[in-house]
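Worksheet: the structure to be examined is printed underneath.
For the single chain, residues carry numbers from 1 onward in sequence order.
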Amino acid sequence: MTNKNYQSLVVHQAESGVQLVQLNRPEALNALTTELLAELYDVMDVAEASDDIRVLVLTGSSKAFAAGADINEMAERDLVGMLNDPRQQYWQRITRFSKPVIAAINGYCLGGGCELAMHADILIAGRDAQFGQPEINLGIMPGAGGTQRLLRAVGKSLTMQMVLTGQPINAQQAKDAGLISEITQPELTVTRALALAKVIASKGSLAVRLAKESILKGMDTDLATGLRFERHAFTVLAGTEDRKEGIMAFKEKRQPNFSGR
């Protein structure tokens, strides 16, 4: 555990370059409060600056990754309150996190919870997972990337169906649509996510960071611009010690010892 006492998160000590962060509001199915997002903001700030943390794994409980935003808290905010909502900066911080994030999802992954999961770079889900944007049932709509990230992940038709009906999809539907990359037995979801994270953490951190940036860039721009960004990143890596070490290790038939330089 870290030295900080978080109220809504359980933050485990990093092992092999991987830190596990667990949403911890079981009484509310991990509904996202301003406090929880503020704590996640802080965790990501610390992780960003730490050489010991190369990959973050984010999970919830066996019943819910996160069942949405906290409705009681949301009901207290009027129009001005929404315009001045501090959660906007917390979501922006999550978006800016430069290191890989893997979401390990079981149970309900709805509303703000689905939006949070879609901020991750890799999504692993148990067979019991349900994904949805049910905001329409409350007379509102997604407001933390639900329409935009879902559109880029699963396409127009399924996004329209999920957002306009509020009806969730199951893990198999989510995998078929491209929202998640793997389905596991529910009890193995976190184990699988940690194993993947350790594989990524063993790679050169500079190459991982630039590869992530290139993939995300490709989601937000045209092919030609994305290819130019990729080539630039590829060229930058040519001047790193990690590249020399990776090539030398390959020639010597040994595991590379990357330094992040």
[X]: what forms a side chain to side chain contact (heavy atoms under 4.5 Å, CB included) with it, not counting sequence neighbours?
{"X": "Leu110", "value": "Tyr108, Pro134, Pro168"}
{"X": "Ala238", "value": "Arg243"}
{"X": "Ala66", "value": "Leu23, Asn30, Leu32"}

Under 3.5 Å donor-acceptor, Glu39 side chain and Gln7 backbone: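 Such a contact is found between Glu39 side chain and Gln7 backbone.
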Any side-chain to backbone donor/acceptor pair from Asp242 onto Ala207? Under 3.5 Å, distance only.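 It does not hold such a pair.
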Residues sharing [X]'s hydrophobic cluster, by side-chain heavy-atom contacts under 4.5 Å among ILVMFWY, directly or via others?
{"X": "Val55", "value": "Val18, Leu20, Val57, Ile102, Ile122, Ile124, Val190, Leu194, Leu196, Ile200, Val208"}
{"X": "Leu216", "value": "Met219"}
{"X": "Met141", "value": "none"}
{"X": "Leu227", "value": "Leu223"}

Would you say [X] and [Y] make side-chain contact, with heavy atoms under 4.5 Å?
{"X": "Val10", "Y": "Val21", "value": "no"}
{"X": "Tyr6", "Y": "Leu36", "value": "no"}
{"X": "Tyr41", "Y": "Leu37", "value": "no"}
{"X": "Thr165", "Y": "Ile136", "value": "no"}

Pair listing, salt bridge (charged side-chain N to carboxylate O under 4.0 Å, His left out) test, anchored in residues 138-153, at least two apart: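 For residues 138-153, and leaving out neighbouring residues, the salt bridge (charged side-chain N to carboxylate O under 4.0 Å, His left out) pairs sorted by first residue read Arg152-Asp220.
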Pairs touching residues 154-177 that satisfy salt bridge (charged side-chain N to carboxylate O under 4.0 Å, His left out), sequence neighbours left out: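 Qualifying pairs: none.
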For [X], all residues meeting side chain to side chain donor-acceptor pair (under 3.5 Å), sequence neighbours excluded:
{"X": "Ser50", "answer": "none"}
{"X": "Lys99", "answer": "none"}
{"X": "Asp121", "answer": "Lys212"}

Modelled atom types, side-chain donor and acceptor of Glu187 and Gln185, under 3.5 Å: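 There is no such pair (donor and acceptor under 3.5 Å, judged by atom type) between the side chains of Glu187 and Gln185.
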With a 6.0 Å cut-off (strictly less than), is the heavy-atom count around CD of Glu252, excluding the residue itself, greater than 12?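 More than 12 within 6.0 Å, yes.
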Whether over 12 other heavy atoms sit under 6.0 Å from Glu15 CD: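 At most 12 heavy atoms, drawn from other residues, nucleotides or ligands, come within 6.0 Å of this atom.
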Give the intermediate values and the outcome of side chain to side chain contact (heavy atoms under 4.5 Å, CB included) for residues Thr221 and Phe229. CA-CA 10 Å; Thr221 190; Phe229 187 93; over 6 Å; no
For residues Val11 and Ile94: do they belong to one hydrophobic cluster (side chain heavy atoms under 4.5 Å, members Ile, Leu, Val, Met, Phe, Trp, Tyr)?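 They do share one cluster, since a chain of ILVMFWY contacts under 4.5 Å joins Val11 to Ile94.
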Angle class for the His119/Trp91 ring planes (parallel below 30°, perpendicular above 60°, tilted otherwise)?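 Correct class here is tilted.
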